[in-house]
Structure formats: structure tokens, C-alpha cells
Amino acid sequence: FARRLHKTVRKLLPDCEIRFVRSEDGSGKGAAMVTAVAYRLAAQHKARQKILEPLRLSHEQLLKVKERMRMEMEKGLGKETHAEATVKMLPTYVCSTPDGTEKGDFLALDLGGTNFRVLLVRVRNGMRRGVEMHNKIYSIPMDIMQGTGEELFDHIVHCIADFLEYMGMKGISLPLGFTFSFPCHQNNLDEGILLKWTKGFKATGCEGEDVVGLLKEAIHRREEFDLDVVAVVNDTVGTMMTCGYEDPYCEVGLIVGTGSNACYMEEMRNVELVEGDEGRMCVNMEWGAFGDSGCLDDIRTEFDLAVDELSLNPGKQRYEKMISGMYLGEIVRNILMDFTKRGLLFRGRISERLKTRGIFETKFLSQIESDCLALLQVRSILQHLGLESTCDDSIIVKEVCTVVARRAAQLCGAGMAAVVDKIRENRGLDFLKVTVGVDGTLYKLHPHFSNVLHETVKQLSPKCEVTFLQSEDGSGKGAALITAVACRIREAGQR
Ligand code: ADP
Ligand code: MG
């Protein structure tokens, strides 16, 4: 029988070399083999879940994060506690939102995001109320970002000059708003003393200096034009103002892009660093530094520590490093490396590519998690990264991306819950309706980040009805609007 069977099959398939192997007790041994494979897979699955477990936060953990954020906010606001506070709660001297009567042409600079931009913003009132913008993007080369302050500001002024020429406005002097998205100590709207660089900037001789002074000095060195610097603005504040132009309920600004930060309207009586008890002032929280006192250590994982250690500012901006675009990809890469080292992924083979810092960009998290993407496409993204994966590998990578992005959105939501509840309590309300102006590519482009964030805020502050409004170019438009408001108030004062 066997001989005939072999012969027939070979005859039918002359192009194939077929070997017949006699199994010994297939039904017994085979069952054991199947079980063994299933066992290995289950064990590996369990091992991976155990590693991921600390990244999955419970409702109780998130509530704790919210409470701790609230405590750190109080520390930052208090006169006595401000010096050692990590969440700095910086006064911005922005006290009023646009009322629609602002008008004029303004220049704006946007430094501190991925791109450096110069903008011309035309604000109109009355029937044609609205904002019209022209802008040009300039690159800031790495050696200038990390060179001397003089080089950095000379470069900025060079870009302004180029922009004015490009717009055919050489020699015209306009009021300027400077969006400078780094922690600054302000004693006035038109002054910003840089406390410390973040997000990859490291130019020397700037920390402790007034950036408006540095800008003005560079303008004088060039001797080509003069500018009236009216306001130093944080991008969160710009975002809040931009959305406030459309929605009067907007009293909070949030950024989730390269970094993460928030601002909101605080009662003057609570802003102890500034004299006076009347009215409100926008406070730039600098919430990225939340956790730098160690208060998030119980939820930080070995992967967070690894990312932090190799960053430009180890130990600093711990909350931001769990949330924002500059770091999420790196967290994922560190987890994938750990899985691979333990033989739980990529067949245990760790490639040079996987060991390369920064290869896993946060935009890949968005792509991999995109709902309309088939697993095959996940594989092709990984292949593109030089990572040979099986179908199972793709499923695992996708799960890691989900866990990391979900945690980021939840942590961000816990912080936001603390903010809106504080506003509600400040006003002695049982219920608060408030709008949060949001900017940042991670928030806008990630398929699930915004939903998870909204859900978390809803769960953690049930007494607030929070609407999220995406800002369009908050850091550019916002700086111009703040400048416009300041000019309006200044002119009213002169009259
Ligand atoms: P910035 O915060 O620098 O002003 P963005 O808001 O544009 O600028 O954020 C840029 C960051 O967004 C990048 O650092 C990158 O990590 C992240 N990013 C870029 N594309 C995507 C995407 N498709 N999905 C999620 N994050 C992205
Ligand atoms: Mg930005």
C-alpha cells in the first residue's frame, strides 16, 4: 500500500520532492506536542502580560494621580512653598481673554515646538471679525539648539529679517508676541526669565535670563529693524486664548505634542506670587515636571526610568515623559527590547535596528493603532523599521502601543481632572461647565488618545462637564491675540 501510494503521488507531482516519514504514535505524542506549543505560547503570553501589568493603571491609581496633582498645584501657587515646588504654576500676566474689539497687524514668533515659525497675524473686529495669518517655518539646526544663546537669538533675528523681506515689509515695526514654550518666570507680560530648557533645547547662557532682553540684544546687534515686544506667551496660554476667541467658556489650555503642559484661569487670591486679590490670572502650570519630587515613583516603570536616563534632562519632566510625543515611541521601543531579550518577541533575535534610539517614532503608534489597518500593514510598518516580524509579533507590538498610549492619555486625563475640579471648587460650584482648548499633534492625530483622555476626565471629575476644543495653531494665533489684547488695554489706558 505504502509503495503504491508514494509512487502515485510522485508521479502526479513530478516537480516536487516528497518524503514520507512514518510517525510513531501520532495521536499520543502529537497531542502532547500540541499541548506543549500551546503551553509555551500561554506561558509567553503570561510573561508579557506580567511585564505590561504595571503600565495598566486602575481607577484608584488614577484618582491618586489626580489628588497628587492637586497637592502639587497648591504648592506651586503658595508663596512659602513655591521655591521647592516642582509644578511651578507660573503667573502669566494674562488676565483677560479677547472680547472681539481687538484689531491690527501683529508679528508672532513661535519657538519651542517642532518648528520655529515667524507669523504675521491680522486681527479684525466688527463685521469682519476674524484672524488672518501668514507664516513661514524655519529650521533650527541641532548645533544652534545646543550652541550658545547668542547664536540662537541671532538665528531667530535672521529668520525675522528674512520673513519681513519675504512679506515685503522690510523696515516696518510691528508689535510682537513671542510664544516661548519653556518654563519662564514672569514679572510682567513682556518679560520672561527662562527657568530651564526642556524638549531638546540646551543653548548656553539663557537660563536665568530674560528672553525678551536676549531677543532685543540680538535685534540691536543686527541694526536692521526694531520691534516692540509686547508679550511673552507660553503655547498653552496661546492655545487657551485662541479657543477663547471662539468660545467664552474656554478657560483651560492643554498641549499634547512634543511635550505636555496646561494652563488655566486661577483666582488672583490664590496666585500668591502676585500682589492683589481681584479677578483672575492665567497660570502656566508647567505640569510636565509633575513627579519630579518623586510623587509618581510608584507608577513609573523600569521603561520610564530607562527613557529618562538617556534623555537630555534625566530626572526632569517625569510626567511629560510618560505622556508626550517625544517619549512614547521610546517607551514602546524599550518594552519591545525587553520582550525580545526574554525571547517573547521577534523569535528572541534582537536586531541592531531595535537597539537604535529614536527609531520608533510616536507617529508609528498612531499608524499601528489605526483601526482600519490590517495586521499585514502593521508588519509592513515594522519591516520598514528594519524589524522582521511574524503575524504574532505584529499583534504583540500593537498591544504594546495600545497600552503605552492608553496610559499616556489616562495620566493626562487625571491631571486635567485635577485642574477642572480646582476651578469648580474655586468658584464654590456644585457643577462646572468648562471648555479646554487643546493643541498638539499627538492629541489630534492619534486614533484613540483623545477619546481615552475625555473618558478619564469624565470618570475622575463627574461634577464637571468638560468640552474639548481643538485649537488651530494656538501658539501662533494665540501670541498675536494676547498681543492684540495687551495693545487694546494699553491704548485704552493712554486715552
Ligand atoms: P510641538 O508640540 O512641537 O509644537 P506638535 O504638536 O506638532 O508640535 O507635536 C509634534 C510631536 O507629535 C512630535 O514630537 C511627534 O512625536 C508627535 N507626532 C507626530 N506625528 C504624529 C502622529 N501621526 N501621531 C501621534 N503623534 C505624532
Ligand atoms: Mg506646538
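All residue numbers refer to positions in the sequence shown, counting from 1. Counting starts at 1 for both ligands and their atoms, following the listed order. The structure displayed is predicted, hence computed values, not measured ones.
- Every atom of ligand 1 with a heavy atom of Gly257 under 4.0 Å away is listed here by number and element: 2 (O), 6 (O), 9 (O), 11 (C).
- The atoms of ligand 1 that sit less than 4.0 Å from any heavy atom of Lys363 are 20 (N), 21 (C), 22 (C), 23 (N), 24 (N).
- For Arg353, the side chain to side chain contact (heavy atoms under 4.5 Å, CB included) partners two or more places apart in sequence, or in a different chain, are Ser351, Ile359, Leu387.
- Within the model, atoms CZ of Phe339 and CZ of Phe346 stand 10.5 Å from one another, a figure rounded to the nearest 0.5 Å.
- Atoms of ligand 1 lying under 4.0 Å from any heavy atom of Gly325, numbered from 1 in the order shown and given with element: 16 (O).
- The Gly440 neighbourhood of ligand 1 comprises atoms 6 (O), with distances under 4.0 Å to a heavy atom of that residue.
- Separation of atoms CG (Leu176) and CG (Leu215) is listed at 6.5 Å; rounding is to 0.5 Å.
- Closest heavy-atom approach to atom 18 (N) of ligand 1 among the candidates Asn261, Asp439, Thr441, Leu445: Thr441.
- Distances between N or O atoms of His446 and those of ligand 1 include no value under 3.5 Å.
- With sequence neighbours excluded, the residues that form a side chain to side chain contact (heavy atoms under 4.5 Å, CB included) with Leu305 are Arg300.
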May I have the step-by-step check of side-chain contact (heavy atoms from CB on, under 4.5 Å) for Val123 and Glu132, ending in yes or no? CA-CA 7 Å; Val123 183; Glu132 182 190 310; over 6 Å; no
